[in-house]
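Everything quoted here is computed from the prediction, not taken from an experiment. Lettering of chains follows the sequences in order, A, B, ..., and the numbering in each one begins at 1.
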Number of protein chains: 2
Amino acid sequence: MQKKSSATIYDVAHRVGVSLATVSRVVNGNNNVRESTKRKVLDAIEELGYHPNAVARGLASKKTTTIGVVMPDVTDMYYSELARGIDDVANMYHYDVLLTNTDEDPVRETMAVNNLASKQVDGIIFMGNELEREVLNTIAGVDAPVVLAGSVDGEGKLPSVNIDYVEAIKEATTAVIKNGHDRVAIVTGPITHAINSLHRIVGYKAALEDMQIAFDETLLFATHQDYAAGLQVAEKIVSAGATAVIAYDDEVAVGIMNYLRDNGKRIPEDFEIITSNDTKFTLVTRPEVTSIGQPKYDIGAVAMRMLTKLMNNEIIDDTQIKLPHTLERRGTTRN
Amino acid sequence: MQKKSSATIYDVAHRVGVSLATVSRVVNGNNNVRESTKRKVLDAIEELGYHPNAVARGLASKKTTTIGVVMPDVTDMYYSELARGIDDVANMYHYDVLLTNTDEDPVRETMAVNNLASKQVDGIIFMGNELEREVLNTIAGVDAPVVLAGSVDGEGKLPSVNIDYVEAIKEATTAVIKNGHDRVAIVTGPITHAINSLHRIVGYKAALEDMQIAFDETLLFATHQDYAAGLQVAEKIVSAGATAVIAYDDEVAVGIMNYLRDNGKRIPEDFEIITSNDTKFTLVTRPEVTSIGQPKYDIGAVAMRMLTKLMNNEIIDDTQIKLPHTLERRGTTRN
DNA sequence: ATGGGTATTGTAAGCGTTTGCAAATTGTTT
DNA sequence: AAACAATTTGCAAACGCTTACAATACCCAT
């Protein structure tokens with residue numbers, strides 16, 4: 001049972017009869033302390049139930065051993081898996097994580113970054129579909145390193161960890177085309193977002209071109225990122241004459257599938273679906289849904305690892321990391 | 001464009017020609033400042049791009065405006081929804097959230113709480129299925145208020161926000177019995193956990209008793225909390241002769257359902273299922289799964305609101321809050 | 001013993017704010 | 001114009017710890 005009002009470094013120093021500096025040294029694992037005094041200090045610490053005050057430590061050392069994570073929504077399976085990867089390696093390196101949900105609102109993203117900066121975090125991991133100018137500017141103004149996880153910025157200057165979205169979508173699109181479809185729809189988020197216009201759509205078009213199929217703008221759909229959106233866009237996809245779809249979000253994909261099945265379509269016989277995030281949603285449905293496979297946990301973990309290096313001023317060869325993706329063929333594609 | 005090395009309160013005081021105290025006052029919205037000087041200070045702050053250093057502020061004021069959240073796993077939909085509720089009201093009251101995943105490991109829970117304490121958080125919200133003695137003790141040793149969200153402690157002394165688990169399970173069980181089942185299985189987590197032995201099983205038995213059905217121990221199952229576990233336990237449930245099941249976790253429930261359907265059972269004609277958490281999983285499958293309805297977001301939000309009061313030393317009439325639950329009848333029950 | 005080098009330990013100046021209390025300024029009242 | 005009360009400010013001491021730099025202590029070879 002420890003006493004409520006905690007002891008300070010002064011108390012233990014006084015107790016042992018040494019200076020604050022010495023106590024500080026043993027607490028911080030500094031070797032320049034005689035073994036015998038180290039023992040005495042350690043004992044006193046034990047007896048007094050002393051725990052260093054991290055705030056004071058932060059003020060004095062200018063390091064908080066805390067990083068900030070800015071994400072759209074913890075509730076979104078895709079991001080929460082990245083977050084888990086981040087948190088695990090953060091702990092591994094003894095960092096704590098300050099979490100902020102932004103719902104992708106640039107205003108909140110900006111506030112979050114500024115807030116984290118004033119809390120003196122040692123680094124920030126940023127996730128979100130789009131990096132607006134404004135947000136990019138405030139990130140540039142922060143003096144803690146920032147790395148993007150599962151997110152691209154148009155200019156491609158910030159350190160980041162992703163998969164190759166162009167290639168991934170291209171492969172998925174090619175796969176359904178090879179299964180005989182010549183009208184494959186693609187649903188993404190707003191085309192104003194770089195990740196859609198500069199990556200997903202590009203990959204999609206590349207596949208079409210490779211397979212000698214003319215691009216048809218009416219096969220492009222942009223939706224919100226949830227189940228209801230999938231339910232809604234499904235009908236439009238069908239009436240556009242598509243017989244397959246590449247979706248950017250698993251909930252959307254499942255929404256599309258359920259709408260189609262509820263309306264008599266057979267999957268995959270009548271219609272094929274490939275989604276992008278490979279979250280648990282894809283395994284839970286019948287049929288299970290074919291998906292681009294993303295190492296979500298690893299994206300987070302690698303981003304965090306990179307951040308530790310940055311915070312440590314280590315030199316990094318490549319700051320734009322692309323992790324390998326796969327195509328997990330399941331029940332919503334014939335092949 | 002703000003300068004990198006940020007200005008301190010001293011800089012703005014110097015710039016305006018007032019004392020630190022005055023700047024501090026305007027920054028903190030203290031009224032005892034002449035309107036005209038407040039303006040000047042505000043201007044200087046603007047020009048210098050001054051942002052208060054939260055760490056220094058924390059040291060001086062002994063308040064960090066940061067709370068800690070200890071949870072099993074961000075990746076678990078149930079908890080992440082609670083977390084979202086927590087985060088939203090935390091922001092509303094200008095608190096930041098320090099997040100820790102514990103995977104329900106008592107050792108890590110203990111470390112997390114201690115770590116948060118040394119980071120001087122103003123309060124803690126704890127989530128987890130079971131509060132071991134050890135964890136309870138360290139919580140007692142922390143001088144920041146702690147509230148439990150979606151979690152019960154055997155002794156029931158800590159402030160908490162939950163639903164009435166006994167009643168909820170009782171209703172669910174009664175519902176399937178009324179649909180004609182006399183052998184309904186129940187799957188929970190370890191019976192060593194209070195929430196199972198003291199709540200869920202109790203509710204289950206109460207329903208049996210009410211409906212004059214003898215309790216049969218072979219209908220009790222304990223599993224891990226994931227899809228695979230559901231797949232595995234399903235067979236045992238069937239061979240135990242059950243024709244309905246009450247599950248404590250949505251992934252488990254879906255696992256059970258998929259196993260059964262893949263093996264020729266018709267749901268709900270041949271077998272009924274009710275789950276407990278009402279996450280998105282229940283809506284995404286076909287049929288959709290009947291579930292106890294829990295106000296997950298609200299549990300988090302209310303817990304956080306309560307924490308703000310505690311941190312503010314306000315008097316609270318009831319510290320053991322039970323929020324209303326429902327029974328969402330969907331496709332895995334006939335009625 | 002003595003000198004020199006190394007291993008230990010202590011000193012004290014921050015780190016950027018808050019805040020109780022005192023000093024100064026301004027406004028009222030008579 | 002003096003006296004007194006509010007209002008506004010400024011002073012300076014914390015807050016609990018880190019960290020150059022200085023001071024001591026200790027060990028060994030001479």
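Under 3.5 Å, the side chains of B:K119 and A:T66 contain a donor-acceptor pair of N or O atoms. B:N28 and B:S24 share a side-chain donor-acceptor pair at under 3.5 Å.
The C1' atoms of five pairs define one axis at each end of the helix from C:dA1-D:dT30 to C:dT30-D:dA1, and these two axes lie 40° apart (to 10°).
Taking atom NZ of residue B:K38 and atom P of nucleotide D:dT7, one finds them 15 Å apart after rounding to whole Å. In this entry the distance linking CG of A:N30 with P of C:dA7 reads 13 Å, nearest Å. One atom, CG of B:N32, and another, P of C:dA22, lie 17 Å apart when rounded to the nearest Å. In this structure, A:E35 places its CD atom 17 Å from C1' of D:dC26, rounding to the nearest Å. When rounded to the nearest whole Å, the span between CZ of B:R34 and P of C:dT25 equals 10 Å.
Side-chain contact check for B:R57 versus B:V27: some heavy-atom pair is nearer than 4.5 Å. Between A:P145 and A:L307 there is a side-chain heavy-atom pair separated by less than 4.5 Å. Considering only heavy atoms from C-beta on, A:E81 stays 4.5 Å or farther from A:Q294 through its side chain.
Residue A:T37 places at least one side-chain N or O under 4.0 Å from the OP1 or OP2 atom of C:dT9.
With A:V23 as reference, A:V41 is the one residue of A:L42, A:T8, A:V41, A:D11 to meet the side chain to side chain contact (heavy atoms under 4.5 Å, CB included) rule.
Considering only residues two or more places apart in sequence or on other chains, A:Y10 meets the ring-ring contact (aromatic ring centres under 6.0 Å, His included) condition with A:H14.
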Worksheet, complete the sentence: Quick tally for nucleotides 10-20 of chain C: nucleotides whose base has a protein heavy atom under 4.0 Å get B, sugar-phosphate-only ones S, the rest -, giving BB--BBBBBBB
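B:D122 places a side-chain N or O within donor-acceptor distance of the main-chain N or O of B:T64, the cut-off being under 3.5 Å.
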